Amino acid sequence: MIETIYIARHGYRMNWVTNDWKSETGLPRDPPLAAFGLTQAQELADYFLTLPPEERPTAIFSSPYYRCLQTSRPTSATLGIPIYVEHGLSEWYSPVVPGSGLHPRPASAASLRSYFDEIDPSWSSVWYPSRKGEDVEQCHDRVNGCLKALIPEIERSFPDRHQRILLVSHAATIIALTRELLGSRELPLRVGCCTLTEATRQKGSTEVVGHWRAKRLADGSHLKEGSSRDWGFEDIVIMDGKVVNDPGQPGSESDIDEPVGLQIDDLNSRM
């Protein structure tokens with residue numbers, strides 16, 4: 001049974017340093033890490049190495065975005081643990097402007113392995129967010145559904161192998177992950193690059209969400225420069241009580257928005 005969940009945000013992004021950057025995967029809105037971000041990712045790995053072996057994560061579940069996989073790589077290499085790609089941990093996009101197409105979606109784990117050979121493509125994502133985007137409540141709902149599928153599926157797929165896992169994701173998704181684990185959607189939280197949250201399962205509980213306690217929240221003390229570029233939901237632009245829509249990706253107007261949501265049939269029978 002999973003007892004500890006570490007959650008890390010990706011490192012500092014290249015597009016925060018310069019507009020002259022290239023998407024390594026060809027996916028729009030998928031910047032790589034800046035040099036500073038690569039340093040942060042290594043500092044995260046170095047921190048895990050300072051922990052006793054019985055406290056280190058034994059598997060990484062990462063968003064499919066390039067910057068998250070780059071952040072995961074040093075920890076994977078340092079600890080000798082696999083990276084599994086989970087689309088349910090993807091970036092949060094606000095709802096698309098009607099008629100403007102869909103938001104981008106990263107490639108499959110098998111395709112991404114051509115960039116990161118640390119990826120184990122045997123894992124199939126349990127959840128896919130809609131390419132139509134999400135409002136804030138839908139982001140939390142997505143994360144809630146993902147966690148309710150992800151944790152039992154890890155425990156079913158790897159019996160007694162992973163008591164501690166590392167999730168690598170994005171600021172909004174991490175805030176939602178933390179709130180759902182702790183059972184408080186109103187929890188105030190800002191998340192900096194490569195900061196670390198640690199949640200432990202409440203003693204005696206077998207519940208997936210709402211029954212964890214925080215040992216640390218978005219902590220940057222393991223980083224030489226501390227927390228940087230922190231973000232919270234209070235930073236979003238609201239108009240008439242709703243999140244401002246973002247345009248979809250040009251050329252995607254005829255794309256079909258699938259797969260979406262839970263990818264496990266009859267989840268209850270597998271728990």
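Quantities reported herein were computed from a predicted structural model and do not represent experimental measurements.
- Between Ser157 and Trp123, some side-chain heavy-atom pair lies under the 4.5 Å cut-off.
- For Phe233 and Trp92, the ring centers sit closer than 6.0 Å to each other.
- The closest side-chain heavy-atom distance from Cys194 to Thr71 is below 4.5 Å.
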- Item | Ile7 vs Leu181, side chain to side chain contact (heavy atoms under 4.5 Å, CB included): CA-CA, chis, key distance, verdict | CA-CA 11 Å; Ile7 310 173; Leu181 287 171; 4.0 Å; yes

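- The backbone N or O of Pro74 sits less than 3.5 Å from a side-chain atom of Thr78, completing a donor-acceptor pair.
- Thr39 and Glu225 share no donor-acceptor pair across their side chains, judged by distance under 3.5 Å alone.
- Distance check, rounded to the nearest 0.5 Å: CD of Gln163 to CD of Glu54 gives 10.5 Å.
- A donor-acceptor distance shorter than 3.5 angstrom exists from the side chain of Arg142 to the backbone of Gly88, with no hydrogens or angles considered.
- Thr58 places a side-chain N or O within donor-acceptor distance of the main-chain N or O of Arg164, the cut-off being under 3.5 Å.
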- Begin with the C-alpha distance, continue with both residues' side-chain angles, and end with the deciding distance and a verdict on ring pair (Phe, Tyr, Trp, His ring centres under 6.0 Å) for Phe61 and His162. CA-CA 12 Å; Phe61 291 83; His162 300 305; 7.1 Å; no

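- Only one option out of Ser72, Ser169, Ser76 pairs with Ser62 in a side-chain contact (heavy atoms from CB on, under 4.5 Å); it is Ser72.
- Of the possible donor and acceptor atoms, none in the side chain of Glu43 sits under 3.5 Å from a partner among the backbone N and O of His222.
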- Check step by step if side chain to side chain contact (heavy atoms under 4.5 Å, CB included) holds for Trp127 and Val143. CA-CA 9 Å; Trp127 195 280; Val143 165; over 6 Å; no

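- Between the side chain of Arg56 and the backbone N or O of Leu49 there is at least one donor-acceptor pair closer than 3.5 Å.
- One finds the OG atom of Ser125 at 11.5 Å from the CG atom of Leu262 (value rounded to the nearest 0.5 Å).
- Once rounded to the nearest 0.5 Å, the distance linking CD of Gln263 with CG of Asp265 reads 9.0 Å.
- The salt bridge (charged side-chain N to carboxylate O under 4.0 Å, His left out) search around Glu180 returns Arg185, not counting sequence neighbours.
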- Could you walk me through whether Trp212 and Ile2 pass side chain to side chain contact (heavy atoms under 4.5 Å, CB included), step by step? CA-CA 11 Å; Trp212 298 72; Ile2 296 172; 4.1 Å; yes

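- For the atom pair Ser227 OG and Leu196 CG, the distance stands at 11.5 Å (nearest 0.5 Å).
- Between Leu69 and His10 the shortest side-chain heavy-atom distance does not fall below 4.5 Å.
- One finds the NZ atom of Lys148 at 9.0 Å from the CD atom of Glu207 (value rounded to the nearest 0.5 Å).
- Leu177 has its side chain out of reach of Thr197: every pair of non-hydrogen atoms, C-beta onward, lies at least 4.5 Å apart.
- Using a distance-only test at 3.5 Å, with no hydrogens or angles considered, a donor-acceptor pair links the side chain of Gln138 to the main chain of Asp135.
- Residues meeting the side chain to side chain contact (heavy atoms under 4.5 Å, CB included) test with Asp257, sequence neighbours left out: Leu102, Arg105, Ser130, Arg131, Lys132, Val260.
- At least one side-chain heavy atom of Phe48 sits under 4.5 Å from a side-chain heavy atom of Leu166.
- Atom CG in Leu167 sits 11.0 Å away from atom OG1 in Thr173 (nearest 0.5 Å).
- Side-chain contact between Ile175 and Arg190 is absent, with no heavy atoms from C-beta onward closer than 4.5 Å.
- Of the residues Arg29, Glu134, Glu91, the one that meets the side chain to side chain donor-acceptor pair (under 3.5 Å) test with His103 is Arg29.
- Aromatic ring centres of Tyr47 and Tyr6 lie farther apart than the 6.0 Å criterion allows.
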- Message: Could you walk me through whether Gln42 and Asp46 satisfy the side chain to side chain contact (heavy atoms under 4.5 Å, CB included) test, starting with their C-alpha distance in whole Å, then the side-chain angles of each, then the deciding distance to 0.1 Å, before giving a yes or no?
- Response: CA-CA 6 Å; Gln42 185 60 57; Asp46 293 343; 2.9 Å; yes

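- With a 4.5 Å cut-off on side-chain heavy atoms, Ile238 and Val243 count as touching.
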- Task: Run the numbers on Thr18 and Asp20 for side-chain hydrogen bond (donor to acceptor under 3.5 Å, both in side chains), then give the verdict.
- Result: CA-CA 5 Å; Thr18 177; Asp20 185 19; 5.2 Å; no

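- For Gln202, the CD atom is densely surrounded, since the number of other residues' heavy atoms within 6.0 Å is greater than 12.
- The one candidate from Leu112, Leu27, Leu33, Thr25 that meets the side-chain contact (heavy atoms from CB on, under 4.5 Å) condition with Tyr66 is Thr25.
- Arg201 has a carboxylate O that lies under 4.0 Å from a charged side-chain N of Glu155, or vice versa, which qualifies the two as a salt bridge.
- Here Tyr65 and His170 bring their ring centres to under 6.0 angstrom of each other.
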